[in-house]
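Just so it is clear: chains get the letters A, B, ... in the order the sequence lines come, proteins before strands, and each one is counted from 1. Computed from a predicted model, the values in this text were never measured in an experiment.
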2 protein chains.
Amino acid sequence: MSQHRHPGTPGRAGAVPALPDLPEATVARLPEYLRALHNLAETGHETVSSEGLANAAGVNSAKLRKDLSHLGSYGTRGVGYDVALLIDQIESVLGLTQCRSVALVGVGNLGHALAGYDGFASRGFRIAALFDASPSRVGEEINGLVVRHVDELPRVATEESISIGVIATPASAAQAVADQLVAVGVTSILNFAPCVLSVPEGVDVRKVDLAIELQILSFHEHRKASLTALPATGGSALTALPGGLAATDNQEAIGT
Amino acid sequence: MSQHRHPGTPGRAGAVPALPDLPEATVARLPEYLRALHNLAETGHETVSSEGLANAAGVNSAKLRKDLSHLGSYGTRGVGYDVALLIDQIESVLGLTQCRSVALVGVGNLGHALAGYDGFASRGFRIAALFDASPSRVGEEINGLVVRHVDELPRVATEESISIGVIATPASAAQAVADQLVAVGVTSILNFAPCVLSVPEGVDVRKVDLAIELQILSFHEHRKASLTALPATGGSALTALPGGLAATDNQEAIGT
DNA sequence: CGCGATTTGTGCACCCCTTCACAAGCGCCT
DNA sequence: AGGCGCTTGTGAAGGGGTGCACAAATCGCG
Ligand SMILES: NC(=O)c1ccc[n+]([C@@H]2O[C@H](COP(=O)([O-])OP(=O)(O)OC[C@H]3O[C@@H](n4cnc5c(N)ncnc54)[C@H](O)[C@@H]3O)[C@@H](O)[C@H]2O)c1
Ligand SMILES: NC(=O)c1ccc[n+]([C@@H]2O[C@H](COP(=O)([O-])OP(=O)(O)OC[C@H]3O[C@@H](n4cnc5c(N)ncnc54)[C@H](O)[C@@H]3O)[C@@H](O)[C@H]2O)c1
């Protein structure tokens, strides 16, 4: 945990936009709102209510309002939120106004899929360079980018001003790659390798682990099976769950 | 969340193993412990202390002990945990004692990578079937499996007793695919498409969204840049911050 | 056989997050 | 202009998770 809290930096009442220090949970949901807003904008909506947006993003409307209030959002009571304005606000807060350059290390099975993914560019990210250690990979061209040897990372990193590193190597190489990324000044890493990375303070690491997701699902599957197996005392225990709707499921959150 | 909650089903003090109803945060960490334990087992360790395991899993040792205590784990004071025993315990709780069959829908860019991933089998999951809607994909053989048309899902699902569905189609098709999966009895879905899925209560959905991860990293990158820009009042305000772990499923930098 | 070193299990306090419920604000219609 | 319905923004309550700190338990050794 590097930070996300500023016990010592209260207001800094400068003339600057005054970084609002958002709750981490809120930050994790903003991209979700952003996507929903883009969908709304494309379908011609100019304003949207918290209820409508919350629905589109799969969250509680009160939660959404509180999230937006954290970033000092400007909604209009009785009307809702201006879609275009809100998009700008969120993109500004997330730092998406500038296009960020991503370096992808490990162009194997998964790396190929990532390199060929067009979802990067459409969200303001640019894959600036591909790296691999295997001679058989180096030189290969994917989507207009040539795979370079990982030793070239220092040079390319400064040239392209990389701000995010993505690791898609086997777990055994991930820590070494992370060290190399950190060494060239990368302070944000997305790790697909199933392992824990040690990085200096100030460097953020997020991981995506397929096996973990499946195992979590497995647990719930297991539990659901156990529950239906023993129908409890009263009989139909599957009725009368409060909450009414609650169709969608998130995590994240969560936990996931 | 759909369920994970039992306001009406208290103890059920039966003689059965008595499903412990674990905290969700604990469930999300168990797979991490499991991987660390497997690594330890392979390197010859027979026992491990909470400190050692916590270190290997990248968490606080107190948190690890509490997690394990939740599943009524048997450690030995003064010694630690028996690695093999703990592996069995966790796998049992996660429902990994039986091999779960996975159906993968959408064999495109990402789907290919997933289909060719050997990390499934090694974690107790078996890709039982591949589906796609495009005629150009159907019939293709990947890793010994033939891609079938998605219309065959009902038949194959019953034959293979699918317990988890993975969606790797474009977002526009994801809801329809989810509906089809639910229709054939799948109650756990892993969704790679960047969209919100509506599913009936009792069905678990977990999502993996690359764009969201990158945008969260972007936010922190943005904030770090803003902080270094204005060195605040006193001077070095960037020293030692105590840890308050974030709530979502994220995990961040640990010093050394 | 007892003692100290070691490590687990957990009570507790704190903090973050979620959710409800409602007052305040805004636009529209009469 | 004024009232009315709709929606935002937020205070407060409740729940869950985290990590400290310590008592209880176990082993090895003298
Ligand atoms: N394929 C998937 O669907 C999938 C899913 C989830 C997680 N993962 C994880 O993602 C990672 C990559 O998976 P994959 O299937 O692409 O594996 P892969 O073996 O196909 O590709 C790994 C690539 O990394 C390169 N590499 C190895 N060491 C390197 C180094 N030190 N520097 C730079 N490049 C290096 C290899 O040359 C290879 O091209 C693995 O850790 C895997 O567990 C993969
Ligand atoms: N490629 C990546 O690295 C990546 C990363 C993150 C997320 N994603 C997401 O994963 C999804 C798949 O990405 P992709 O790059 O593989 O796309 P893709 O277009 O290469 O593959 C999509 C596949 O789904 C199939 N399909 C379409 N409609 C279908 C239906 N109704 N039923 C069954 N199959 C259907 C298509 O025929 C195609 O083969 C997308 O939603 C994408 O946003 C991809």
Handout entry: Ionic contact status for A/Glu32 with B/Lys207, cut-off 4.0 Å
Key =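 Between A/Glu32 and B/Lys207 there is a salt bridge, with a charged N closer than 4.0 Å to a carboxylate O.
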Problem - Residues A/Asp204, B/Lys224: salt bridge by 4.0 Å N-O rule - result: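 Yes, charged N to carboxylate O under 4.0 Å.
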Exercise for the section: Please lay out, stage by stage, how B/Tyr33 and B/Leu86 fare under the test side-chain contact (heavy atoms from CB on, under 4.5 Å). Expected result: CA-CA 9 Å; B/Tyr33 303 156; B/Leu86 201 47; over 6 Å; no
Exercise for the section: May I ask you to check whether over 12 heavy atoms, not counting those of B/Gln175, lie within 6.0 Å of atom CD? Expected result: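 Buried by this count: over 12 neighbours within 6.0 Å.
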Approximate separation, where rounding is to 0.5 Å, of [X] [atom1] and [Y] [atom2]:
{"X": "B/Ile164", "Y": "B/Thr187", "atom1": "CD1", "atom2": "OG1", "value": "8.5 Å"}
{"X": "A/Gln89", "Y": "A/Ser73", "atom1": "CD", "atom2": "OG", "value": "5.5 Å"}
{"X": "A/Leu30", "Y": "A/Leu37", "atom1": "CG", "atom2": "CG", "value": "10.0 Å"}
{"X": "A/Asn60", "Y": "A/Arg65", "atom1": "CG", "atom2": "CZ", "value": "8.0 Å"}

In whole angstroms, how far is the [atom2] atom of [N] from the [atom1] atom of [X]?
{"X": "B/Asp67", "N": "C/dT10", "atom1": "CG", "atom2": "C1'", "value": "13 Å"}
{"X": "A/Arg29", "N": "C/dT19", "atom1": "CZ", "atom2": "C1'", "value": "12 Å"}
{"X": "A/Glu51", "N": "C/dT19", "atom1": "CD", "atom2": "C1'", "value": "13 Å"}
{"X": "B/Leu64", "N": "D/dC20", "atom1": "CG", "atom2": "C1'", "value": "16 Å"}
{"X": "A/Glu24", "N": "D/dG17", "atom1": "CD", "atom2": "C1'", "value": "15 Å"}
{"X": "B/Lys63", "N": "C/dC15", "atom1": "NZ", "atom2": "P", "value": "17 Å"}
{"X": "A/Leu53", "N": "D/dT8", "atom1": "CG", "atom2": "P", "value": "9 Å"}
{"X": "A/His70", "N": "C/dC17", "atom1": "NE2", "atom2": "P", "value": "8 Å"}

Problem - Distance test, side-chain N/O of B/Tyr81 to OP1/OP2 of C/dG9, below 4.0 Å - result: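 The answer is yes; a side-chain N or O of B/Tyr81 sits under 4.0 Å from OP1 or OP2.
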Exercise for the section: Using a 4.0 Å heavy-atom cut-off, write out nucleotides 20-30 of chain C from 5' to 3' as B (base contacted by protein), S (sugar-phosphate only) or - (no contact). Expected result: BB--BBBS---
Exercise for the section: Name the nucleic acid region contacted by B/Ser61, choosing base, sugar-phosphate or nothing; use a 4.0 angstrom heavy-atom cut-off, strictly under. Expected result: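 Contact class for B/Ser61: none.
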Handout entry: Stretch residues 37-50 of chain A: residues that reach within less than 4.0 Å of DNA chain C through a heavy atom
Key =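 The answer is none.
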Exercise for the section: Return the residues of residues 83-92 of chain B meeting this criterion: a heavy atom under 4.0 Å from some atom of DNA chain C. Order them by number, or give none. Expected result: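 Per residue number, the list is empty: none.
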Problem - Of A/His222, A/Glu221, A/His220, the residue whose pairing with B/Ser188 passes side chain to side chain donor-acceptor pair (under 3.5 Å) - result: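 Of the listed residues A/His222, A/Glu221, A/His220, the side chain to side chain donor-acceptor pair (under 3.5 Å) partner of B/Ser188 is A/Glu221.
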Problem - From CA spacing to verdict: side-chain contact (heavy atoms from CB on, under 4.5 Å), B/Leu181, B/Val177 - result: CA-CA 6 Å; B/Leu181 286 170; B/Val177 170; 4.1 Å; yes
Handout entry: Donor-acceptor side-chain pairing of B/Thr26 and B/Asp67 below 3.5 angstrom
Key =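 There is such a pair (donor and acceptor under 3.5 Å, judged by atom type) between the side chains of B/Thr26 and B/Asp67.
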